[in-house]
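One structure is given here, and the rest of the page talks about it.
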Amino acid sequence: MIREYLDWTKEVLGRIEPGEVQALIDLLMDARKNGRGIFVIGNGGSAATASHFAVDLGKGTLRGTEDEPRFRVNSLTDNLPYVTAWANDFDYDQVFEQQLRNLGAPGDVVIGISASGNSPNVVRAMEFARSAGMVTVAVTGFSGGALKEAAAHSVHVPVDDYGMAENMHMIIVHIIITQTTFRIANGE
């Protein structure tokens with residue numbers, strides 16, 4: 001059973017479109033160069049990926065404590081009191097949109113991660129971000145869902161399994177970190 005899972009993982013890795021990942025890397029490097037904010041959102045396992053992505057991009061790409069410019073990145077999943085205040089007082093579907101209304105600006109990058117692509121709060125935030133002039137990116141599995149449709153850019157891994165989609169999303173995060181770190185080390 002373990003061998004079958006590993007073989008399946010290798011097969012699904014082949015579904016990652018390198019050009020989509022490269023386009024996201026280019027957007028992130030441009031945001032860094034121009035001092036734009038980067039916001040990452042998701043629920044459940046995708047919230048964990050969003051948090052991990054923000055840490056790796058914000059800290060893991062540095063060679064030293066004086067490095068400039070830096071990625072101005074935040075995971076909007078990480079302030080639990082803030083998230084639950086919005087959810088309790090208004091609606092869980094607004095927890096990311098309302099944070100973007102406070103923190104986001106035109107030209108900032110918003111990355112929504114959702115295995116199904118149908119998380120209402122992520123889709124709603126993406127729709128708001130796009131209408132507010134932010135650069136929107138969907139990172140999805142399954143068919144991509146409403147999130148893929150709402151975003152201007154997409155990194156889509158067509159696999160109909162939550163765990164495998166989440167595996168692929170973390171691999172994509174680590175590809176991005178490897179490539180951005182390389183580009184930064186080479187003077188970009």
Side-chain angles (χ1 to χ4, degrees), residues 9-10 12-42 45-79 96 99-115 117 122 125-126 128-141 144 147-148 150-158 165-188:
T9 301
K10 287 191 282 189
V12 176
L13 278 170
R15 299 179 195 175
I16 295 172
E17 176 53 52
E20 292 177 353
V21 180
Q22 186 62 58
L24 177 51
I25 292 167
D26 293 342
L27 287 171
L28 293 169
M29 292 300 292
D30 185 67
R32 176 182 172 268
K33 176 183 171 186
N34 292 300
R36 301 288 188 195
I38 301 164
F39 302 99
V40 194
I41 58 178
S46 295
T49 301
S51 184
H52 190 127
F53 194 2
V55 169
D56 281 3
L57 199 58
K59 187 213 170 273
T61 58
L62 299 176
R63 291 174 299 164
T65 59
E66 303 300 317
D67 283 6
E68 294 290 338
R70 294 177 179 218
F71 289 103
R72 294 182 50 235
V73 60
N74 283 290
S75 168
L76 299 184
T77 64
D78 291 348
N79 188 335
F96 300 130
Q99 290 184 75
L100 288 172
R101 285 181 182 274
N102 284 17
L103 302 171
D108 287 347
V109 178
V110 179
I111 303 168
I113 304 170
S114 173
V122 178
M126 195 65 56
F128 166 76
R130 195 162 184 187
S131 73
M134 297 178 212
V135 178
T136 54
V137 183
V139 178
T140 59
L147 183 60
K148 183 179 176 190
H153 305 277
S154 173
V155 179
H156 176 233
V157 183
E166 291 171 355
N167 288 347
M168 295 301 115
H169 293 165
M170 276 307 308
I171 289 169
I172 290 165
V173 165
H174 289 137
I175 291 169
I176 290 167
I177 300 308
T178 299
Q179 295 303 305
T180 55
T181 302
F182 176 80
R183 286 171 65 171
I184 292 165
N186 285 285
E188 191 170 339

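Quick note: numbers below take in every heavy atom, side chains included, and nothing from hydrogens, waters or symmetry partners.
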What is the minimum heavy-atom distance between [X] and [Y], and which atoms define it?
X    : Y    : result
P106 : A132 : CG-O, 3.5 Å
L76  : Q99  : O-NE2, 3.0 Å
A129 : L100 : CB-CD1, 4.2 Å
T77  : A50  : CG2-CB, 4.2 Å
H156 : K148 : ND1-NZ, 3.6 Å
G141 : A165 : CA-CB, 4.2 Å

Keeping [X] on the side-chain end and [Y] on the backbone end, is there a donor-acceptor pair under 3.5 Å?
X    : Y    : result
R70  : G58  : no
R101 : F128 : no
R72  : G35  : yes

Strictly below 4.0 Å, N to O, side chains only: are R183 and D26 in salt-bridge contact?
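So R183 pairs with D26 through a salt bridge.
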For the residue pair [X] and [Y], establish whether any side-chain heavy-atom pair is separated by less than 4.5 Å.
X    : Y    : value
D30  : R36  : no
E166 : M170 : no
V110 : F96  : no
I25  : T180 : yes

Residue that, paired with L28, satisfies side-chain contact (heavy atoms from CB on, under 4.5 Å) out of V137, V73, L57:
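Of the listed options, the one satisfying the test is L57.
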I111: which of L24, V155, I41 passes side-chain contact (heavy atoms from CB on, under 4.5 Å)
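Of the listed residues L24, V155, I41, the side-chain contact (heavy atoms from CB on, under 4.5 Å) partner of I111 is L24.
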E68 atom CD, neighbour heavy-atom count above 12 within 6.0 Å
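Yes.
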Please round to the nearest 0.5 Å and tell me the distance separating atom [atom1] of [X] and atom [atom2] of [Y].
X    : Y    : atom1 : atom2 : value
D56  : F71  : CG    : CZ    : 11.5 Å
T49  : N167 : OG1   : CG    : 9.0 Å
I184 : M29  : CD1   : CE    : 4.5 Å
T178 : I171 : OG1   : CD1   : 11.5 Å

List in chain and number order the residues that pass side-chain contact (heavy atoms from CB on, under 4.5 Å) with T181, two or more places apart in sequence or in another chain; answer none if no residue qualifies.
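T181 satisfies side-chain contact (heavy atoms from CB on, under 4.5 Å) with T61, I177 only.
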Can you name the residues that form a side chain to side chain donor-acceptor pair (under 3.5 Å) with R130, not counting sequence neighbours?
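Applying side chain to side chain donor-acceptor pair (under 3.5 Å) to R130 gives none.
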Candidate pair V21 and I16, rule side-chain contact (heavy atoms from CB on, under 4.5 Å), full reasoning
CA-CA 8 Å; V21 180; I16 295 172; 3.8 Å; yes
